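Only one structure is covered here, and it is reproduced in the block below.
Computed from a predicted structure; not experimentally measured.
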Amino acid sequence: MKCDVLYAQATYAPASELRLGHSGVAAVTHDQLRALLSATGKPASGDFSLSGNILPGVGAGSSTASLIALARAAGADETRLSAACLRVEGATDPLMLSQPDRVLWSSRRAEICAEFKAPPRCEIVGGYLGDPIRTDPCDSAFADISDLVLLWEQAANRSDLARLAALASAAAERTTRLRGPSGDPSAAIARQLGALGHARAHTGSARAFIFAPGTVPETAEAILTRAGLSEAFRFSTGSEY
């Protein structure tokens, strides 16, 4: 889902050497920046500054978002971003796309597997459950959701938000059964909030609760905090509902 409250941004100024400064949590190392510039055909020089509010290891794409911000600051060709991020990370999110919520994405190949109609507008309340878990590109222990793809396409074509949210819940619960944690409270929180469904990062601690526009309880963030989630936030996403 496309989120407009989490971000990474970068600046660039010409310099004879390569420098990288961070404001906040460091999501990209100096060596990764050097590899990124090489992958995009840019010289390994310049004074770069990176800032943002995405915590590493939560499953919200902090490293990919940061790499894209740095590459764009350097003036990299947009068509080279996905391959460059894959080369640096080994697994990358589709954040370089203009509409990442319309694709089924292969993170280990940086390829679009399928394209769908954009999901209808919805409201999301999210937070982080447990410790950060950095993505391991060699990790392939993911739940099989191939049977849900056609169902997602059909629901998206109908702009059926309730069905899409139910499919997101099914995918999240398969991931939790396979990867844990034991006692994940997400399904119970969704019921308590009256959410249409819930989602989670495949790796990382991010959890999301899905609502039709205008139906999020005022106490939603407080409920997430009491349930043990941290950094609760909300945003709207998608096309008109």
Rounded to the nearest 0.5 Å, what separation is found between the CG atom of Leu148 and the CG atom of Leu164?
11.5 Å
When you group the ILVMFWY residues by side-chain heavy-atom contacts below 4.5 Å and let the links chain together, are Phe116 and Ile145 in the same group?
yes
Are any non-hydrogen side-chain atoms of Leu97 and Ile112 less than 4.5 angstrom apart?
yes
For Pro56 versus Pro132, what's the shortest heavy-atom pair and its separation?
O-CB, 3.5 Å
Given 3.5 Å as the limit, does a donor-acceptor pair link the side chain of Thr219 with the main chain of Ala222, or not?
no
Could you tell me whether the side chain of Ser49 and the main chain of Thr11 form a donor-acceptor pair under 3.5 Å?
no
Just how far is it from atom OG1 of Thr203 to atom CZ of Phe142, taken to the nearest 0.5 Å?
5.5 Å
Quick check against the 3.5 Å criterion: does Thr64 have a side-chain atom that pairs as donor or acceptor with the backbone of Gly61?
no
Interatomic spacing from CD in Gln154 to CG in Leu167 - rounded to 0.5 Å:
9.5 Å
Worked check of side chain to side chain contact (heavy atoms under 4.5 Å, CB included) between Ile68 and Cys85
CA-CA 8 Å; Ile68 293 168; Cys85 289; 4.0 Å; yes
Salt-bridged, Arg72 to Glu78, with N to O below 4.0 Å?
yes
Kindly work out whether a path of hydrophobic side-chain contacts (I/L/V/M/F/W/Y, heavy atoms less than 4.5 Å apart) joins Phe233 to Phe211.
no
Candidate pair Val58 and Ile133, rule side chain to side chain contact (heavy atoms under 4.5 Å, CB included), full reasoning
CA-CA 6 Å; Val58 299; Ile133 305 169; over 6 Å; no
If only atom types and distance count, is the side chain of His22 paired as donor or acceptor with the main-chain N or O of Val28 below 3.5 Å?
yes
With a 4.5 Å limit on heavy-atom distance, are the side chains of Phe209 and Ile189 in contact?
yes
Is a donor on one side and an acceptor on the other found under 3.5 Å between the side chain of Asp184 and the backbone of Thr176?
no
Calculate, to the nearest 0.5 Å, the distance between atoms CG and CD belonging to Leu224 and Glu221 respectively.
7.5 Å
Does either side chain, that of Ser146 or that of Asp144, offer a donor lying less than 3.5 Å from an acceptor on the other one?
yes
CA sep, side-chain torsions, deciding dist, call: Ser186, Glu173, side chain to side chain contact (heavy atoms under 4.5 Å, CB included)
CA-CA 9 Å; Ser186 297; Glu173 288 162 9; over 6 Å; no
Heavy-atom closest pair, residues Ala84 and Thr40
CB-CG2, 3.6 Å
Could you check if a side-chain atom of Leu33 sits within less than 4.5 angstrom of a side-chain atom of Leu67, using non-hydrogen atoms only?
no
Ser45 side chain near Glu17 side chain, heavy-atom distance below 4.5 Å
no
Tightest non-hydrogen contact, residues Cys113 and Ser106, listed as SG-CB, 3.7 Å
Minimum heavy-atom distance between Pro181 and Arg200, given as atom pair plus value:
CD-NH1, 4.2 Å
Residues Glu115, Leu104; criterion side chain to side chain contact (heavy atoms under 4.5 Å, CB included); working and verdict:
CA-CA 6 Å; Glu115 297 186 52; Leu104 178 64; over 6 Å; no
Taking 4.0 angstrom as the limit, do Asp147 and Arg174 come out as a salt bridge?
yes
Interatomic spacing from CG in Asp139 to CZ in Arg108 - rounded to 0.5 Å
6.0 Å
Check Gly214 against Glu123 and note the closest heavy-atom contact, atom names and distance.
N-OE2, 2.6 Å
Above 12 or not: heavy atoms from other molecules or residues under 6.0 Å from CG of Asp131?
no
Honestly curious: do Leu70 and Tyr12 fall in one hydrophobic cluster under the side-chain, below-4.5 Å linking rule?
yes
Checking Arg207 side chain against Leu129 main chain: does a donor-acceptor pair fall under 3.5 Å?
no
Leu36 vs Phe48 side-chain heavy atoms within contact, under 4.5 Å
no
Same hydrophobic cluster for Val216 and Leu229, using side-chain heavy-atom links shorter than 4.5 Å among ILVMFWY?
yes
Please report the interatomic distance CG(Asp93) to CG(Leu86), rounded to the nearest 0.5 Å.
11.5 Å
Compare all side-chain heavy atoms of Cys122 with those of Thr237 and state whether any distance is below 4.5 angstrom.
yes
Any ion pair linking Asp77 and Lys42 (charged N to carboxylate O, less than 4.0 Å)?
no
Hey, quick one: are Leu81 and Leu37 part of the same hydrophobic cluster, counting side-chain heavy atoms closer than 4.5 Å, chains of contacts allowed?
no
Side chains of Thr92 and Ser107: closer than 4.5 Å at any heavy-atom pair?
no
Ser62 side chain near Leu6 side chain, heavy-atom distance below 4.5 Å:
no
Tell me whether Arg87 contacts the main-chain N or O of Ala35 through its side chain, where contact means a donor paired with an acceptor under 3.5 Å.
no
Quick one: closest heavy-atom pair of Ala143 and Thr175, and the distance?
CB-N, 4.0 Å
